[in-house]
Number of protein chains: 2
Amino acid sequence: MLVGVPYHHGDLRRALLDTALLAVAEHGPAALSLRDVARRAGVSHAAPTHHFGDKAGLLTALATEGWTLLADALTESAEQNRSFAELGVAYVLFATTHPAHFAVMRAPGLVRGDDAELVAAQQRAGARLDAGAGRHDGGATSHTATTVLAAWSLVHGLSALLLEGMVSPEPGTDVATLARSVTTRLSPRS
Amino acid sequence: MLVGVPYHHGDLRRALLDTALLAVAEHGPAALSLRDVARRAGVSHAAPTHHFGDKAGLLTALATEGWTLLADALTESAEQNRSFAELGVAYVLFATTHPAHFAVMRAPGLVRGDDAELVAAQQRAGARLDAGAGRHDGGATSHTATTVLAAWSLVHGLSALLLEGMVSPEPGTDVATLARSVTTRLSPRS
DNA sequence: ACCCCATCTTTCCATTGACAAGATCCGCCC
DNA sequence: GGGCGGATCTTGTCAATGGAAAGATGGGGT
């Protein structure tokens, strides 16, 4: 019906992902409306269905993208810095600079947790944490497992508290220093 | 008003809360349907409106109840046990034994975060953590603040990872020992 | 030139949250 | 003890949503 607008969008899939990201940033993943995303992207309300199947499909695609970005961020941090604590800081910084992605990543009921690409992206990010923890306490792998868990819990929890608004950095300080003050509390050995 | 049996249904408000809890446990807070709750409770689809205003009202009431229960659990743990690490274990145990409450508690977009009773209940639980941390590192309060934050992040994160299904205890061990192995990694001084 | 098919639209339906107005029943006060 | 006020619950209605079905469009391969 809309004359002058090309029938075939250039890259509608990416446009929908970006639009959805904006909507999630505004009202959270739970309140995401497919029709609203379609409206903002200037397409019919059924266009997203073709690319993502349903709402869970769209959110799963966003979550997968998020885990991939997180894995990239952790990789970059590991290459620049030898410290395990800094890896945790990178985790928290990712969460606060990509709040929409992170919100979708930890919305279990809204995402298809058994999606193949999702699981692969999660494992890619998890491997980065494992590698960092291995350097942290050189020793036994069984000990390293709980090191990873403690570190992951710590940074995941801090990220969650920040995004849920339960905690915010003191005026004058930034998220990075707040995260650093917390991650350095983890003792390598118990 | 009406301390006894409020007219037709016994105590509809409590019945709706309990029913909503079941629904949340099954499909998460985001998928909660007011009409479904009303159906299960055997009342008309508009009955919940009178008690909670709207969907956010119902979830806010559940979140408030959850924070109150958490404060109670932390209080009980503090009375029985002097260890700060055990307070963290109690936090994680609360999250895993009341998954529906905990899920609603950390669903920021679905709950009215500025509700007076909600905020009061949150602060009551927070005060319990503060008290425990104060005993942990007797010293300067500015140092204690980051101790609380680190501990809270740790147990909040572990709870989240457990409920999101990203982590589960090894076969043969339970959540408590898993939590203990993690909370004991927190060094009292950095 | 032709046809296949991925892409996008239009139409339709059941469900949902919210509101308005009416019905039902309780406790209270005279 | 009888009506009155108000809390509790129901019925009716509306716009919006997610999803399915079927049609329109045009790009690209043969």
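In what follows, every chain begins at residue 1, and chains take the letters A, B, ... in the order their sequences are listed.
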*Should the ring pair B/Phe102 and B/Phe94 be called parallel, tilted or perpendicular, given that the plane angle runs from 0 to 90° and is split at 30 and 60?*
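Rings of B/Phe102 and B/Phe94: perpendicular, as their planes differ by over 60°.
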
*Could you note down all residue pairs passing salt bridge (Lys or Arg N to Asp or Glu O under 4.0 Å) where residues 66-76 of chain A supplies at least one of them, sequence neighbours left out?*
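Listed once each, the pairs would be none.
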
Given [N], is OP1 or OP2 found less than 4.0 Å from the side-chain N or O atoms of [X]?
| X | N | value |
| --- | --- | --- |
| A/His50 | C/dT7 | yes |
| B/His51 | D/dA7 | no |
| B/Ser33 | C/dT16 | yes |
| A/Arg39 | D/dT17 | yes |

Whole-Å distance between [N] [atom2] and [X] [atom1]?
| X | N | atom1 | atom2 | value |
| --- | --- | --- | --- | --- |
| A/Lys55 | D/dG19 | NZ | P | 7 Å |
| A/Leu12 | D/dT25 | CG | P | 18 Å |
| A/Leu16 | C/dT9 | CG | P | 10 Å |

*Is A/Thr49 touching bases, backbone alone, or none of the nucleic acid, heavy atoms closer than 4.0 Å?*
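If one applies the 4.0 Å heavy-atom cut-off, A/Thr49 turns out to touch nothing in the nucleic acid.
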
*asked:* Using a heavy-atom cut-off of 4.0 Å across all strands, would you classify A/Leu58 as base, sugar-phosphate, or nothing?
replied: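 Nothing: the residue A/Leu58, judged by heavy atoms under 4.0 Å, touches no strand.
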
Starting the side chain at C-beta, find the nucleotide from [options] nearest to [X].
| X | options | value |
| --- | --- | --- |
| A/Ala47 | C/dC8, D/dG19, C/dT16 | C/dC8 |
| A/Arg35 | D/dA7, C/dT16, D/dG19 | D/dG19 |
| A/Ala46 | D/dA21, C/dG17, C/dC8 | D/dA21 |
| A/His45 | D/dT17, C/dC8, C/dT11 | C/dT11 |
| B/Leu34 | D/dT10, C/dG17, D/dC9 | C/dG17 |

*asked:* Does B/Arg106, at its CZ atom, have more than 12 non-hydrogen atoms belonging to other residues, nucleotides or ligands within less than 6.0 Å?
replied: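 Yes, CZ of B/Arg106 has more than 12 neighbouring heavy atoms, counting only those of other groups under 6.0 Å.
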
*Does B/Glu117 CD have over 12 foreign heavy atoms under 6.0 Å away?*
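No, the 6.0 Å shell around CD holds no more than 12 heavy atoms from other groups.
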
